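Quick caveat: nothing in here was measured; it's all calculated off a predicted structure.
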Amino acid sequence: MASTNNVTELIITGLFQDPEVQRVCFVLFLPVYLATVVGNGLIVVTVSVSKSLHSPMYFFLGYLSLVEICYSSTVVPKFITDLLVKVKTISLKGCLAQIFFSHFFGVAEILLLMAMAYDRYVAICKPLDYMNIMSRQVCHMLVAGSWLGGFIHSIIQVLITIPLPFCGPNVMDHYFCDLQPLFKLACKDTFVEGVSVLANSGLIALCSFLILVSFYIVILFNLRKRSAEGRRKALSTCASHITVVTLFFGPAIFLYMRPSSTFTVDKLVAVVYTVITLMLNPIIYTLRNAEVKAAMRKLWARKGNWDTSGKGMIR
């Protein structure tokens with residue numbers, strides 16, 4: 001017999017309950033979100049307009065930064081505004097939409113990180129065939145595949161969740177909508193749905209992480225044959241990728257490859273990959289990449305030379 005949904009609105013407990021702590025969090029996390037958008041946006045603009053950054057590596061980096069802006073914007077703005085209100089609410093449909101887009105952009109980011117690792121593998125292990133293998137068409141296909149993979153994954157998550165009956169209570173112990181906290185509110189046993197999420201999210205994260213680690217092990221093995229200068233340049237690029245991969249996959253695997261225990265721990269871990277990591281990524285990529293820093297300096301120099309009278313660039 002079909003169950004009736006009496007719940008149309010959910011109350012979110014938030015990250016902390018103390019109003020003073022929430023105001024402190026607002027002061028801390030608002031600059032973090034702004035830095036995330038500005039930092040990643042600057043990378044997108046720099047890669048788009050700089051002729052020196054048209055290689056596949058920077059093509060993927062530009063799209064990765066775009067995905068990180070979108071990913072952060074599905075969760076963080078509401079999280080920040082909720083810090084200023086006493087009762088934090090979201091409609092059930094809005095909750096499902098947040099789940100869809102957060103998983104969509106999250107998996108798209110995972111697949112883009114894999115594409116970047118494959119690009120570095122080809123560049124280092126098969127340098128003579130690099131331009132043929134990593135053609136413009138292949139790069140566009142890999143980016144399109146990351147979007148498609150994220151879409152398919154998210155559709156599955158939402159289709160698992162929509163049939164669940166929600167008849168009360170409606171208080172979600174989290175600071176944004178995610179699957180496990182939402183399953184706790186369903187008026188039925190959600191063991192099967194929990195296993196499905198484990199298979200869909202946890203295994204994607206774990207398998208992708210293992211594939212990425214395999215790529216970098218092969219890369220490091222092949223670097224033994226390079227000169228000291230060649231090893232230094234390759235390791236500098238790979239170190240940035242490995243750092244980003246570790247910061248992103250560590251918390252995700254922790255959350256999705258185990259049964260949820262204390263939501264306080266889960267919420268704090270989720271803050272790492274929904275707020276902190278997305279701010280750190282543009283810093284990691286720019287500080288360790290001389291070409292990106294040089295392109296940004298040229299971009300700012302061009303901006304500084306712009307005629308304030310509105311007549312154009314001073315030549």
Over 12 non-hydrogen atoms of neighbours within 6.0 angstrom of OH in Y130: yes
Exercise: identify the closest heavy-atom pair between A295 and T46: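 Reported closest heavy-atom pair: CB-CG2, 3.6 Å.
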side-chain hydrogen bond (donor to acceptor under 3.5 Å, both in side chains) involving Y216 - partner list, sequence neighbours excluded: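 For Y216, the residues satisfying side-chain hydrogen bond (donor to acceptor under 3.5 Å, both in side chains) (neighbours in sequence not counted) are H241.
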Donor-acceptor pair, side chain of K267 and main chain of G14, under 3.5 angstrom: yes
Between Y71 and T274, a side-chain donor and acceptor under 3.5 Å: no
Donor-acceptor under 3.5 Å (N222 side chain, I124 main chain):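 Such a contact is absent between N222 side chain and I124 backbone.
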Ring centroid separation F79 to F176 under 6.0 Å: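 Aromatic pair excluded; centres sit 6.0 Å or further apart.
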Note, P282 side chain near L42 side chain (heavy atom, < 4.5 Å):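 In short, these two side chains do not touch, never coming nearer than 4.5 Å.
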Pairwise distance CG(L247) to CG(N281) - rounded to 0.5 angstrom: 7.0 Å
Pairs satisfying salt bridge (Lys or Arg N to Asp or Glu O under 4.0 Å), at least one member in residues 276-285, at least two apart: none
Over all atoms of both residues, closest heavy-atom pair of P31 and F26: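 What the structure gives for the nearest pair is CD-O, 4.2 Å.
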Closest approach of Y33 to S73 (non-hydrogen atoms, all atoms of both residues): OH-OG, 2.8 Å
S91 versus G94, closest heavy-atom pair with distance: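 Minimum heavy-atom contact is OG-N, 2.9 Å.
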Expected output: side-chain S102 to main-chain I99 donor-acceptor under 3.5 Å: yes
Shortest non-hydrogen separation from M116 to F60 and the atoms involved: CG-CB, 3.5 Å
Residue pair Q157 / L179, side-chain heavy-atom distance below 4.5 Å: yes
Straight-line distance of L185 CG to L92 CG, nearest 0.5 Å: 9.5 Å
Min side-chain heavy-atom separation F16-V24 under 4.5 Å: no
Working for side chain to side chain contact (heavy atoms under 4.5 Å, CB included), residues E109 and L113: CA-CA 6 Å; E109 178 165 355; L113 288 171; 4.3 Å; yes
Same cluster (ILVMFWY, side-chain, under 4.5 Å), M114 and V218: yes
Side chain to side chain contact (heavy atoms under 4.5 Å, CB included) between L10 and F166, worked out: CA-CA 10 Å; L10 302 174; F166 296 97; 5.8 Å; no
Any N40 side-chain heavy atom under 4.5 Å of V44 side chain: no
Considering only distance and modelled atom types, tabulate donor-acceptor pairs under 3.5 Å from the side chains of residues 132-139, sequence neighbours left out.
from, atom 1, to, atom 2, distance (Å)
S135, OG, V138, N, 3.3

Pairs meeting criterion salt bridge (Lys or Arg N to Asp or Glu O under 4.0 Å) with involvement of residues 14-36, two or more places apart: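 Non-adjacent pairs meeting salt bridge (Lys or Arg N to Asp or Glu O under 4.0 Å): E20-R23.
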Same cluster (ILVMFWY, side-chain, under 4.5 Å), I162 and L182: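 Same hydrophobic cluster.
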Shortest non-hydrogen contact between P181 and M172, atoms and distance: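 What the structure gives for the nearest pair is CB-CG, 3.7 Å.
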Donor + acceptor pair across side chains of S50, Y58 (<3.5 Å): no
Contacts of type ring pair (Phe, Tyr, Trp, His ring centres under 6.0 Å), residue H140, not counting sequence neighbours: F59
Any T8 side-chain heavy atom under 4.5 Å of K93 side chain: no
V32 and L28, any side-chain heavy atoms less than 4.5 Å apart: no
Within-4.5 Å side-chain heavy-atom neighbours: T36 and V76: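 No - every pair of side-chain heavy atoms lies 4.5 Å or more apart.
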Ring geometry between H153 and H103 (parallel below 30°, tilted from 30 to 60°, perpendicular above 60°): tilted
Ring geometry between Y63 and W147 (parallel below 30°, tilted from 30 to 60°, perpendicular above 60°):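 Answer is perpendicular, since the angle exceeds 60°.
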Side-chain heavy-atom pair T161, E193 within 4.5 angstrom cut-off: no
Result of checking S208, C207, S146 against I110 for side chain to side chain contact (heavy atoms under 4.5 Å, CB included):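 By the side chain to side chain contact (heavy atoms under 4.5 Å, CB included) criterion, I110 pairs with just one of S208, C207, S146: S208.
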Same apolar cluster (I L V M F W Y, side chains within < 4.5 Å links), I80/V38: no
Side-chain (T13) to main-chain (H174) donor-acceptor, under 3.5 angstrom: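 It does hold such a pair.
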T277 side-chain N/O to V272 backbone N/O, donor-acceptor pair under 3.5 Å: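 At least one qualifying donor-acceptor pair exists.
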Linked, directly or transitively: V87 and I12 (ILVMFWY side chains, under 4.5 Å):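 Different clusters.
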Value rounded to 0.5 Å, distance of CD1 in I283 from OG in S240: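 Rounded to the nearest 0.5 Å, the CD1-OG separation comes out at 12.5 Å.
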Backbone N/O of L84 and side chain of Q22: donor-acceptor pair under 3.5 Å: no
CA sep, side-chain torsions, deciding dist, call: L268, L15, side chain to side chain contact (heavy atoms under 4.5 Å, CB included): CA-CA 8 Å; L268 292 174; L15 189 60; 4.2 Å; yes
Exam field: side chain D119 to backbone A115, donor-acceptor pair closer than 3.5 Å: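 Such a contact is absent between D119 side chain and A115 backbone.
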Transitive ILVMFWY side-chain link V21 to Y175, under 4.5 Å: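 Linked within one cluster.
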Parallel, tilted or perpendicular: rings of F100 and F104 (30°, 60°): parallel
Any pair counted as salt bridge (Lys or Arg N to Asp or Glu O under 4.0 Å), so long as it reaches residues 65-78, sequence neighbours left out: K78-D82
